[in-house]
Amino acid sequence: MKYEEASKRIEELTQLIEKYNYEYYVLNQSSVPDSEFDRLMAELTMLEEEWPLLKSPNSPTQRVGGEVQSEFKKVPHKRLMLSLGNAFNEEDLIAFDRKIREALGQDEIHYMGELKIDGLGISLLYENGELQYALTRGDGVTGEDVTANVKTIRSIPLHVKEKRPFEVRGEVYMPRSSFEALNKEREANGEPVFANPRNAAAGSIRQLDSSIAAKRNLDGFWYYLVNARELGFHVHSESLDFLEKQGFKVSKDRRKLVGASDIIAYMKEYTQKRRTLGFDIDGLVYKLDDIDEYDTVGYTAKTPKWAIAYKFPPEEAYTKLLDIFLSVGRTGRMTPNAVLEPVRVDGSLVQRATLNNEDFIAEKGILIGDIVGLHKAADVIPEVTGPLVDRRDGTERPFVYPNECPVCGEPIVKIGPVHYCKNPHCASRKIEGITHFVSREAMDIDGFGPRVAEEFFNEGFLKDIPDIYVLGTHREEIKNIDGWSDRSIDALLESIDKSKLLSLERLLNGLGIKDVGTKSSKSLARHYKNLDAIKDASVEDLMKIDDIGPISAQSIYDYFHDEYNLGCIERLRQAGVNFEYLGTDTIDVNSYFYGKTIVLTGTLEKYSRDRMQEILEGIGAKCSGSVSKKTDIVIYGPGAGSKLAKAQELGIELMDEATALNHLSRLSE
């Protein structure tokens, strides 16, 4: 066979196999017997082996997996993967509808109702009709590249007819039948079983060996075309129809709804139906169907206002409260925790649950020995709902707070309803502080979770945070611990070295300064540019920064005037940890945008809207999601709609992208 003939035949086979895959895995039907499908696949495999240059990375033969990675590459999302606000009852849904009607000035609103699949959020990018990559949600800004594993999911198209670039988001899940078969197999092999299908799906997608993911029989539903307007869609339901025509599996249970009455009827229907589906859902999602009005309705800092997730009432179980013990956090806060007789709640085996504080225990009237109700708050966190008083037999007893910390023996103090261990050298506080420092939101050191922090602390390798950067001196001792090899130690030490290069806001967050979180760490870093400048700032100076109030300003000042903390900072400096802000901010009070409130609308070409917002805020502007009398400038691009019209009506300065870029010409990426 000649090259041209082989190329043509490979293309024919690819199209046929993908057609049959779509019929079987998306439409649940098949026009050919399995033997014919296997014959075509065998022929394609043979031709690709004979003509390796004709083998595409998105060939159907690649769905069986086999790629083994050392780690998942982290990739920034082109557009943020926002989470949704929650509704828990009819009143919340009615309020959601009312707010949208008020924002749009309309009496009747059209929505799309969709199932909220209980799986793992994934974003897929296609260019020239080919799947380019698949990313997890991650922190919403940066995800992990899990393309090799996602390709093994046979209902996901590797090729589509649409040649323009587009991004589609959805949920990868494990059908209940696959979950039951997997757990049965693991049990037979003496392996721990998965608690629920969601955990199983997430664990499968994050396997470094894609052949393992291929055996797990995962599936996916797709519910959002990210750049719908750029492709000419103005209605969300029509964009879902488009995805369906491209070969994506879109839920047949989606429904067009009008007004609050339809929203509530849909909720009641699927509250009853949820257990009859072949997959888990943990709620419903309602979206405004008119895409052009999304900007008008607007966004909060973390969620769109034009969509909401209704969460089903949590499933409740009952079990015995065996004991209560105190845990000590990095700030010294002491939290009472319930020790429970193991009970399965919504698919997970629960043996522990937080009891928050002394007031919570008193208000609920909880005694040790009680039979208590238990559910998962927001379907995730185990929560004790209260005791069954009529089940008491007289052996129950109250929990009494000790006078000393159970870890270090130092005196406990009570501030409001919360008890604190004030000893900064308490072992539990140290371990929690180290765990926070290495976490994803802070210094992001892979392979260094709570278990490792506790293990290394107990072995004496770590006494405080700076010891992380000299762990290499304990290499031979670590090798003697079960589960550690040269390879795993090398990977950990490499990740520790990488963390030295991160920007200042990561370090500030990792230090665990009381009342300082991710957002205020970024504000501090942007303003002061280096750690030494923050260290020398007064309380009054600190309070002048956005997101820094009097309480957090005092906490920051106190932290940097503590001799022990200063010693730790000096050791971090000697270890080579970066103390500088590495953002692109170039604050300039003479900038055209400095101090002005700006709204972005339409499609921008040079930068995404998220990136443009980051640049503008970096030079001292404030960006808003909606136009009001307080807006100074609206920067617009193609497809700008109601925001632009409202700005014209209010007489607000309008600026196209080219003009904005001229003002930003001194900045570089």
Side-chain angles (χ1 to χ4, degrees), residues 21 24-26 28 30 33-35 37-38 41-42 45 60-72 117-120 122 136 144 146 148-156 171-221 249 274-282 315 317 319 339-352 374 376 379-380 382 447 449-452 455 481-485 487-488:
N21 262 333
Y24 188 85
Y25 291 102
V26 178
N28 292 318
S30 182
D34 290 349
S35 57
F37 182 89
D38 293 342
M41 185 66 84
T45 301
T61 60
Q62 301 307 293
R63 290 193 185 273
V64 297
E67 181 177 334
V68 179
Q69 304 172 79
S70 59
E71 62 179 8
F72 291 113
I117 311 301
D118 195 10
L120 182 71
I122 295 288
T136 63
E144 290 182 315
V146 290
N149 289 339
V150 166
K151 281 183 179 181
T152 68
I153 302 172
R154 296 179 182 269
S155 66
I156 296 176
E171 205 85 4
V172 165
Y173 69 95
M174 182 173 285
R176 288 196 191 125
S177 57
S178 301
F179 172 71
E180 290 164 4
L182 174 62
N183 266 354
K184 189 174 181 180
E185 178 185 333
R186 291 176 70 84
E187 198 167 24
N189 294 335
E191 298 173 297
V193 298
F194 287 106
N196 52 55
R198 187 195 185 285
N199 288 359
S204 301
I205 280 294
R206 298 199 75 260
Q207 290 289 330
L208 293 172
D209 183 350
S210 62
S211 65
I212 297 175
K215 297 173 184 176
R216 297 284 175 84
N217 296 316
L218 299 172
D219 210 334
F221 278 117
K249 191 170 185 177
R274 63 181 294 203
R275 300 300 180 191
T276 67
L277 303 170
F279 47 86
D280 282 358
I281 61 173
D282 57 354
E315 177 184 294
T319 189
V339 180
L340 305 163
E341 280 189 351
V343 62
R344 195 163 290 279
V345 185
D346 202 19
S348 299
L349 191 67
V350 176
Q351 296 174 278
R352 300 281 190 274
L374 189 72
K376 286 189 179 179
D379 275 352
V380 176
R451 183 189 62 79
V452 173
E455 184 174 58
I481 300 174
D482 286 345
W484 288 95
S485 64
R487 182 176 176 181
S488 58

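Nothing here was measured: the structure is a model prediction, and the numbers come from that model.
With respect to Asn217, the side-chain contact (heavy atoms from CB on, under 4.5 Å) criterion is satisfied by exactly one of Ser204, Ser177, Ser178: Ser178. Checking Arg176, Arg274, Arg198 one by one against Asp280, the side-chain hydrogen bond (donor to acceptor under 3.5 Å, both in side chains) holds for a single residue, Arg176.
Ring centers of Phe179 and Phe194: at least 6.0 Å apart, outside the cut-off.
A distance of 7.0 Å separates CH2 of Trp484 from CD of Glu455, quoted to the nearest 0.5 Å. With rounding to the nearest 0.5 Å, the separation of CZ in Arg275 from CG in Leu277 is 10.0 Å. Atom CG of Asn196 sits about 10.5 Å away from atom CG of Asp282, to the nearest 0.5 Å. Between the CZ atom of Arg206 and the CG atom of Leu120 there is a distance of 9.0 Å, given to the nearest 0.5 Å. The CZ atom of Arg216 lies 8.0 Å from the CD atom of Glu185; values are rounded to the nearest 0.5 Å.
For the pair Asp219/Val172, no side-chain contact is recorded, criterion being any heavy-atom separation below 4.5 Å from C-beta on. With a 4.5 Å cut-off on side-chain heavy atoms, Phe72 and Asn149 count as touching. Leu218 has its side chain within reach of Met174: a pair of non-hydrogen atoms, C-beta onward, lies under 4.5 Å apart.
Minimum heavy-atom separation, Ser155 to Gly220: OG-N, 3.9 Å.
Ring pair Tyr173/Phe279 is tilted by interplanar angle, where 30° to 60° counts as tilted.
Counting only distance, with no hydrogens or angles, the side chain of Arg352 and the backbone of Val339 share no donor-acceptor pair below 3.5 Å. The backbone N or O of Pro197 lies less than 3.5 Å from no partner atom in the side chain of Asp118, so there is not a single donor-acceptor pair. Between the side chain of Asn189 and the backbone N or O of Glu191, no donor-acceptor pair lies under 3.5 Å.
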